[in-house]
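If you read the sequence from its start, that first residue is 1, and numbering goes on from there. Predicted model, so just to flag it, every value in this text is computed and none were measured. As the structure lists them, so they are numbered: ligands from 1, and atoms in each ligand from 1.
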Amino acid sequence: MSKIDTLCIHAGYTPGKGEPRQLPIVQSTTFKYETSDQMGRLFDLEDSGYFYTRLQNPTNDAVAARIAALEGGIGAVLTSSGQAANLFACLNICQAGDHIVSLNNIYGGTVNLLGVSLPKMGIEVTFIGADATDEEIDKAFRPETKLLFGETLSNPGVEVLDIERFARIAHEHGVPLVVDNTFPTPIHLRPFEWGADIVTHSTTKYIDGHGVSVGGCIVDSGNFDWNAHADKYPGLCTPDESYHGLVYTEKFGKAAFITKAVTHLMRDLGSIQSPQNAFYLNLGLQTLHLRIKRHTESALKVATFLSSHPAVAWINFPELPGDSQHEKQLKYLPDGSCGVMCLGLKGGREFENKFMDALRLVTIETHVADCHSCILHPASHTHRQLSDEQLRAAGIAPDLIRLSIGLEDPDDIIEDISNALDIASA
Ligand SMILES: *Cc1c(COP(=O)(O)O)cnc(C)c1O
């Protein structure tokens, strides 16, 4: 059992005799023990077992284990949202006085998290462009830099991260490469195979896939050698007084990072996913391999149609032969990228609004990457907090429309788009 389609159905949960075939929802905050000593050992991390759902829950753990198996990681934790996943991935190894280097073409919510909220906690961030030279990127690093952050396929620009290059640069500076792998999902891209160290997800998108539950996940490759840079990572490599002086790297070895995320951050900051939502993710995961394939195939049909339409000024979709990302797509995403593309229309802002208002099947939504086709204008919607300059710095043209292709028949989607373009042109 090692093929990815099989892992989608089975990894993380193997029922015994007479146990539920489908993953049960363990809707319980607490778990029972026989002796006071048994309970005490759990709090000292001397025994493993469930005691309180803010730290761990069997439904969540099964789903996290499945995502870890799909990514080829050694462990994972579910979080209440994708935002929480990226925040916790940073806070697990950064504290006030530390510094992060991040690609600038990332999701608007993450730009705010890194650029606005983390600095308020004393963690500084320097943003770099994906096409910056090695020398320029080297200059962004400081002695107190603790991680390099990027998105494997950026939202909304669908730019493919050159993971091998950024992993090399991160490792030359003795820090891990943390990548948000939300858009490709592990079906289309497994960043650990290219040298990334930590993966995050907004499971709200394709992994859920039906638009029902907000959630996130952090996955640990187990590959980063924290002890080789022990001075940089005291939280992992020196005694944790809140656990009687335990040292994560000594006690948990390769699983130090992910164990600390659970036992320290979840304990103190919460943000665990509800078991009910984890159950929805379980259902999403069981068809993820089929759905992502269809999303991508349909998106290529729509992108091909749009690329030759006279009303379209430009379109970005990595599979299109002339696309600036096509070479990297063939390398990192040979089975395809995902169902998201972005484009600009020749008629400008007013024309674009007319077009979006004329769509009937494709809906205007603050969402991407689920079974319903949807559309959004980031400059007016998700990214409206960013200035034009910040928009341009993030690679988002003011006329950029993000289009997410769902699981409807692609011919119906194309017909809807074609009609709306005609109405807007009339
Ligand atoms: C949506 C998204 C997030 C934030 O996830 P939420 O689940 O909405 O908190 C983070 N990164 C990427 C790439 C996203 O698309």
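In this structure, Tyr206 and Val368 have side chains that are not in contact, with every pair of non-hydrogen atoms separated by 4.5 Å or more. The side-chain heavy atoms of Arg402 and Asn155, taken from C-beta on, include a pair separated by under 4.5 Å.
Between the CG atom of Leu42 and the CD atom of Gln56 there is a distance of 10.0 Å, given to the nearest 0.5 Å.
Listed by atom number, the atoms of ligand 1 under 4.0 Å from Gly82 heavy atoms are 5 (O), 6 (P), 7 (O), 9 (O). Short contacts between ligand 1 and Ser81, defined as distances under 4.0 Å to a heavy atom of the residue, involve ligand atoms 7 (O), 9 (O). Close approach of ligand 1 to Asn155 is summarised as follows: ligand atoms under 4.0 Å from at least one heavy atom of the residue are 14 (C), 15 (O). Each of the atoms 6 (P), 7 (O) of ligand 1 lies under 4.0 Å from some heavy atom of Thr204. Using a 4.0 Å cut-off to heavy atoms of Gln83, the atoms of ligand 1 that qualify are 4 (C), 5 (O), 6 (P), 9 (O).
Checked for salt-bridge contact, Lys139 and Glu135 miss the test: no charged N lies under 4.0 Å from a carboxylate O.
Side-chain atoms of Glu159 do not come within 3.5 Å of backbone N or O of Ser154 as any donor-acceptor pair.
Atom 12 (C) of ligand 1 has as its closest protein heavy atom Asp180 OD2, 3.4 Å. Here the protein heavy atom with the shortest distance to atom 2 (C) of ligand 1 is Lys205 NZ, 2.5 Å.
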- Message: Could you go through Phe43 and Phe51, starting from their C-alpha distance and side-chain angles, then the distance that decides it, and tell me whether this counts as ring pair (Phe, Tyr, Trp, His ring centres under 6.0 Å)?
- Response: CA-CA 9 Å; Phe43 276 94; Phe51 53 109; 4.6 Å; yes
- Message: For a salt bridge (charged side-chain N to carboxylate O under 4.0 Å, His left out) check, start with the C-alpha distance between Arg165 and Asp134, then their side-chain angles and the critical distance, and finish with the verdict.
- Response: CA-CA 9 Å; Arg165 173 175 178 235; Asp134 283 13; 2.8 Å; yes
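The closest approach between Gly215 and ligand 1 falls below 4.0 Å for a heavy atom of the residue.
At a 3.5 angstrom cut-off on N or O pairs, Ser202 counts as close to ligand 1.
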